[in-house]
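Notes for the one structure printed next.
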Amino acid sequence: MSSAIEKGVDGKHPTDGTDQVRELGHDEYDPIGTAILVGIYFLILVALWIFMYFVEFLGNGPTVTGVLLTVVGIA
Amino acid sequence: MNIHTYEKIWLAVAMVLIVGFIATVTYGAVGPGIAMIDDDGGTIDPDTINDDERFSDPGVTHVGGNEYEATVVAQAWSYTPSEITVPANSTVTFYVTSRDVTHSFTVAGTNVNTMVVPGQVSQMTVEFDEPGEYGILCNEYCGAYHHTMEGELNVVPQDEFDLTELSTDAPSEAQLGNQTTINTTVSNDMNYDLETTATLEIGDQPLDQDVTVPAHGSETVEFAVDTTDLGTGDHDWTVTVDGHEESDTLTVTNATEGGDGDA
Amino acid sequence: MAMRNAYIDQFPKEARVIRAILWSSFLALTIGGTLGLIQGLHRTNILRFIPSQDYYTVLTAHGVLLVITFTIFFLVGIFTWAVTTSLDRGVEDIRFTWGWYIMMVIGTILVGVSILGGVVEQIPMNADVLFTFYSPLQAHPAFYIGLVLFVVGSWLAGVDWFRMWWAWKKENPDERIPLPTFMALTTMLFWYLSSLGVAISILAFLLPWSLGIIDSVNPLLTRTLFWFFGHPVVYFWLMPAYMLWYTMLPKISGGKLFSDPLARVVFVLFLILSTPVGIHHQYLDPGIAEGFKFIAMTNTMFLLLPSLLTAFTVVASMEHGARQRGGDGYLSWLKALPWRDPVFTGMALAGLMFAAGGFSGMINAGLNINYLVHNSWWVVGHFHLTVGTAVALTFMAASYWFMPQLTGKELWNRSVALVQVVLWFIGMTFMSNAMHRAGLFGMPRRTAEPQYQGFNFEPAVGTVGEINAQVALGAVLLTISVYLFIVNMVLTTVGGSSSDAIPDNTYAGTLSGPEDSPVILDNLKLWTSIAVVLVIIAYSLPLASIIDAGGLFGPGIDAWKPSVVADPTLVLESIRGVMF
């Protein structure tokens with residue numbers, strides 16, 4: 001039955017030593033570690049984006065420019 | 001739907017990030033005024049490139065003030081012209097097209113980078129502030145020798161820049177005693193007249209002539225050469241206009257050698 | 001002791017065909033990977049033993065074998081596993097399954113032989129056109145026919161899974177679509193939509209043109225139709241990896257999937273947004289108005305959302321497993337994860353690398369910053385992190401679980417597997433990092449000899465020499481790694497005997513299950529319709545404008561058949577003769 005497979009027995013890897021020590025249900029679990037990790041990732045993304053755009057790109061010498069009107073297709 | 005609070009926060013943070021990226025790019029368009037290659041260049045039939053007024057004589061022309069146009073034809077595996085020279089403090093609009101397959105026109109180490117698609121003309125305007133020497137490379141695979149395809153872009157100080165070219169028509173031989181002329185056509189592709197002096201050095205006496213070459217036009221300078229003064233033998237000559245030079249040799253022969261002449 | 005309940009026990013006929021499919025995939029990976037080593041050593045000028053003209057043949061094979069053959073064979077194998085397992089039923093007709101697989105094999109052989117003709121004189125074919133085969137470069141018709149057969153075979157694979165789902169739905173009318181099947185179906189739906197672009201390009205234009213039926217094509221049109229497909233194909237590579245991260249990785253970590261509803265949302269977002277973004281590969285193309293490019297950018301930027309959500313859900317699932325295994329603290333739970341399991345470590349490292357690849361992808365999505373990176377080695381660094389690691393390393397790590405399931409034999413050597421995945425990660429770190437840095441000073445991609453006569457590259461930091469050394473080092477480590485992988489696969493399959501210690505064929509449970517997700521998410525017709533509308537909005541005007549300005553078949557542009565040319569100066573002379 002699909003439901004039996006879906007809720008699945010945790011198949012133990014034959015040579016895996018460590019086991020499940022406790023069960024955490026939906027209401028007991030708070031992914032605080034994940035929040036911290038993605039928060040750090042966000043800060044890295046912002047820093048790298050600012051560096052890439054304002055230092056590497058805008059600092060990369062002659063650039064293709066145009067009047068804003070032609071950019072939006074008016075002139 | 002049940003979404004954990006932390007993930008809801010992350011969702012909002014992700015949206016802020018996305019909007020921030022779009023805002024930065026928009027700033028680039030509005031502040032520094034960066035424009036994308038688009039369809040302004042129009043289309044072209046590659047078979048008619050030689051007859052097209054933009055591409056029949058590719059190169060740099062002066063539009064007026066600090067504005068220039070540079071037309072370039074890309075093909076497997078070279079650019080025409082392969083060397084492009086423009087002055088510092090200029091605004092150059094490039095028009096680039098391809099004779100055969102898709103190439104790029106990329107000034108290495110800068111943001112000047114465009115695809116060049118046969119059937120299309122890539123138009124881009126670039127401001128060059130400082131003098132510098134740049135390489136041009138093709139970064140779109142275009143066949144077996146794609147890696148050999150390169151060119152040069154030179155941005156020279158303003159006082160070193162002109163669009164003057166010389167083309168000299170001179171005989172290689174003249175008879176002693178005959179008048180002969182060396183004609184130099186000076187062409188000027190700037191947007192204003194060029195008032196300058198053409199100098200011919202031959203023998204020990206330089207000959208000067210003032211000349212005014214009209215904007216986007218040419219003027220021929222005729223230098224009268226006195227073969228009697230020179231005497232027989234090989235005489236190297238050089239025509240110089242504004243630092244541009246052309247040289248060759250005039251051989252003055254005796255009256256009795258060859259041809260019919262007076263005594 | 002319970003009877004073994006591995007996949008081969010539950011679905012022996014399907015296991016046989018999936019084994020064949022995975023072997024085709026692994027063969028392509030091994031050959032493609034080896035070619036990568038040749039390229040890495042050649043363009044860095046460390047070791048050149050082929051003429052540079054042949055580099056482009058090698059590059060064509062490397063691209064096609066790795067991003068078409070390896071990835072898509074793996075996908076059709078793994079999705080067959082996913083749908084049969086989650087619906088708990090076999091395929092409707094196993095002969096049909098073998099049929100589409102064989103079609104894909106024939107397609108691969110045609111493509112492979114036509115590419116091989118670029119270096120083997122006895123084969124009178126040439127396909128030195130690279131994975132993107134832009135016209136007016138023209139390949140032998142066999143190349144295009146082979147690609148068509150391969151892609152149509154993959155369409156039929158989808159038909160196979162839809163048929164199973166429809167049959168299952170009749171018997172289970174009130175049930176939510178099991179998550180793995182949901183993922184396979186939504187992926188195939190955007191595959192059908194997106195591969196239309198390249199199918200039209202080949203069938204209406206490139207193939208008849210290569211056969212001489214039509215005289216010319218519009219290069220910008222065929223290029224745009226390619227990229228209509230060329231961006232969504234990267235999600236076609238990625239979705240099986242995401243499926244493995246959502247439905248396998250939580251279980252392997254010792255936990256459950258954090259949220260089934262959000263997983264569904266992510267796949268729906270990919271269904272509706274993968275295709276109307278292709279023009280972001282054409283930011284520097286003439287003939288396409290800036291407004292269309294801006295729309296492509298905003299669509300692309302929003303496409304970051306499902307991947308950012310995936311980062312949270314997958315890491316949260318891993319954290320759940322770690323804490324169930326006894327881990328605690330804000331970040332020290334990371335130590336409690338099963339790092340000695342190569343399946344876990346491979347997928348975790350692949351995910352970590354994807355976070356870096358995601359960033360360079362965000363840069364690639366930026367409209368004007370594309371001037372900095374377009375066609376430079378930055379782009380190559382980016383996709384070696386994404387398809388090259390997030391996808392490829394996940395596939396290899398997953399194979400360490402799948403091959404035992406499909407053969408009933410234990411993995412030959414777990415330590416070698418663990419070394420393999422770590423070596424891949426280290427090799428890719430060196431190589432990809434160097435490629436990104438090189439792109440920033442203008443080093444081009446797709447070039448056999450990036451050493452120019454008239455100028456030198458000027459890195460702001462470091463030197464070209466050390467960058468080349470890191471690329472070569474990375475390439476060597478990656479090649480060793482891929483051989484460790486293939487040896488492990490071979491010895492698992494041919495050596496050893498059937499084992500009862502193979503775990504049951506299962507996938508992860510959920511903390512928040514499908515019953516928590518709105519039923520509308522399962523309304524595939526709705527999401528497909530929205531996807532179609534967005535594609536029409538994004539593409540009808542640009543395509544109309546290209547055709548209007550340049551003609552459906554172009555203004556009469558000659559075909560360029562790449563072939564090994566003896567003397568370039570002779571070619572240039574003849575070209576100049578034509579010019580003047």
Side-chain angles (χ1 to χ4, degrees), chain B residues 1-4 7 10-11 14-15 17-18 21-22 24-25 28-29 34-39 41-43 45-47 50 75-78 99-102 104 106 108-109 111-115 117-123 133-135 137 139-141 143-148 150-152, chain C residues 52-53 56 130 134 136-137 218-220 261-262 283-290 293 297-298 301-302 304-305 308-309 312 362 366-368 371-372 374-376 441-442 444-449 452-455 457-458 512 516-518 549-550 554-557 560 562 564-565 568 575 579:
Chain B
M1 193 162 105
N2 194 344
I3 306 181
H4 192 285
E7 192 143 23
W10 176 242
L11 178 57
M15 292 302 295
L17 197 65
I18 289 168
F21 290 160
I22 297 174
T24 319
V25 170
I34 302 171
M36 300 309 295
I37 311 287
D38 63 11
D39 53 358
T43 55
D45 181 347
D47 288 339
N50 293 345
Q75 66 191 69
W77 297 285
S78 61
R99 238 181 247 290
D100 41 44
V101 296
T102 302
S104 85
T106 303
N111 292 330
V112 181
N113 187 5
T114 180
M115 300 309 303
V117 182
Q120 309 284 335
V121 176
S122 301
Q123 177 181 330
E133 277 171 32
Y134 302 98
L137 57 80
N139 62 30
E140 184 65 88
Y141 169 65
Y145 290 88
H146 159 64
H147 46 275
T148 65
E150 61 174 288
E152 258 179 64
Chain C
S52 283
Q53 296 74 51
Y56 302 108
L130 307 191
Y134 295 135
L137 294 171
N218 181 335
L220 183 60
L262 272 172
Y283 281 152
L284 304 194
D285 279 19
I288 300 178
E290 184 154 357
K293 295 176 177 177
M297 176 182 74
T298 47
M301 290 295 186
F302 283 104
L304 296 177
L305 192 61
L308 290 172
L309 287 176
F312 194 98
M362 293 168 197
L367 180 55
N368 38 45
Y371 280 119
L372 174 66
H374 180 69
N375 271 354
S376 74
F441 57 75
R445 63 182 294 198
R446 293 179 153 183
T447 301
E449 295 179 20
Y452 294 91
Q453 315 284 339
F455 68 93
F457 292 109
E458 287 167 16
S512 178
D516 291 333
S517 79
I557 297 175
W560 178 278
V564 177
V565 176
I575 290 176
M579 274 164 63

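Lettering of chains follows the sequences in order, A, B, ..., and the numbering in each one begins at 1. Being a predicted model, the structure only gives us computed values, none of them experimental. Computed over heavy atoms, backbone and side chain alike; hydrogens, waters and symmetry mates excluded.
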Portion of C:F302 that has a non-hydrogen atom of chain B nearer than 4.5 angstrom: both
Max heavy-atom pair count under 4.5 Å with chain C, selected residue of B:T148, B:N111, B:T43: B:N111
Contact class of C:M301 relative to chain B, heavy atoms under 4.5 angstrom: both
Contacting moiety of B:D45, where chain C heavy atoms sit under 4.5 Å: both
Trace of the side-chain contact (heavy atoms from CB on, under 4.5 Å) decision for B:M36 with C:I288: CA-CA 10 Å; B:M36 300 309 295; C:I288 300 178; over 6 Å; no
Option in C:S52, C:G554, C:G442 with maximal non-hydrogen atom pairs under 4.5 Å from chain B: C:S52
Those residues that, when tested against C:S376, pass side chain to side chain donor-acceptor pair (under 3.5 Å) (two or more places apart): none
Euclidean distance, B:L17 CG relative to C:L305 CG, rounded to 0.5 Å: 10.5 Å
Heavy-atom side-chain contact between B:Y141 and C:R445 under 4.5 Å: no
Chain C interface, residue from B:G41, B:G135, B:G143 that has the most non-hydrogen pairs under 4.5 Å: B:G135
Interchain contact, C:I557 with chain B, by part (heavy-atom threshold 4.5 Å): side chain
Which of C:F441, C:Y134, C:F455, C:Y56 touches chain B most, by non-hydrogen pairs under 4.5 Å: C:Y56
Closest approach of C:G454 to B:E150 (non-hydrogen atoms, all atoms of both residues): N-OE1, 2.8 Å
Selection from C:T447, C:L137, C:D516, C:N368 maximising heavy-atom pairs under 4.5 Å formed with chain B: C:N368
Largest heavy-atom contact set with chain C, pairs under 4.5 Å, which of B:E7, B:E133, B:M15, B:Q123: B:E7
Residue part contacting chain B, namely of C:E458, when any heavy atom lies under 4.5 Å: neither
Least distance between heavy atoms, B:A108 atom then C:F457 atom: CB-CE2, 4.3 Å
Donor-acceptor pair, side chain of B:E140 and main chain of C:N375, under 3.5 angstrom: no
Sole residue of C:L308, C:L309, C:L262 in side-chain contact (heavy atoms from CB on, under 4.5 Å) with B:L11: C:L309
Heavy-atom closest pair, residues C:Y371 and B:I37: OH-N, 3.1 Å
Region of B:V121 in contact with chain C, defined by heavy-atom distances below 4.5 Å: backbone
Check: C:H374 main-chain N/O paired with B:N113 side-chain donor or acceptor under 3.5 Å: yes
Choice from C:P518, C:P286, C:G287 maximising heavy atom contacts with chain B below 4.5 Å: C:P286
Reported NE2-to-CD distance for the pair B:H147 and C:Q53, which is rounded to 0.5 angstrom: 5.5 Å
Option that, when pairs with chain B are counted at under 4.5 Å, heavy atom only, ranks first among C:S512, C:P261, C:A289, C:A448: C:A289
Closest heavy-atom pair and its distance - C:D285, B:M115: OD1-CG, 3.2 Å
Least distance between heavy atoms, C:P219 atom then B:P118 atom: CG-O, 3.7 Å
Contact winner vs chain B - C:S517, C:G366, C:P444, heavy-atom pairs under 4.5 Å: C:P444
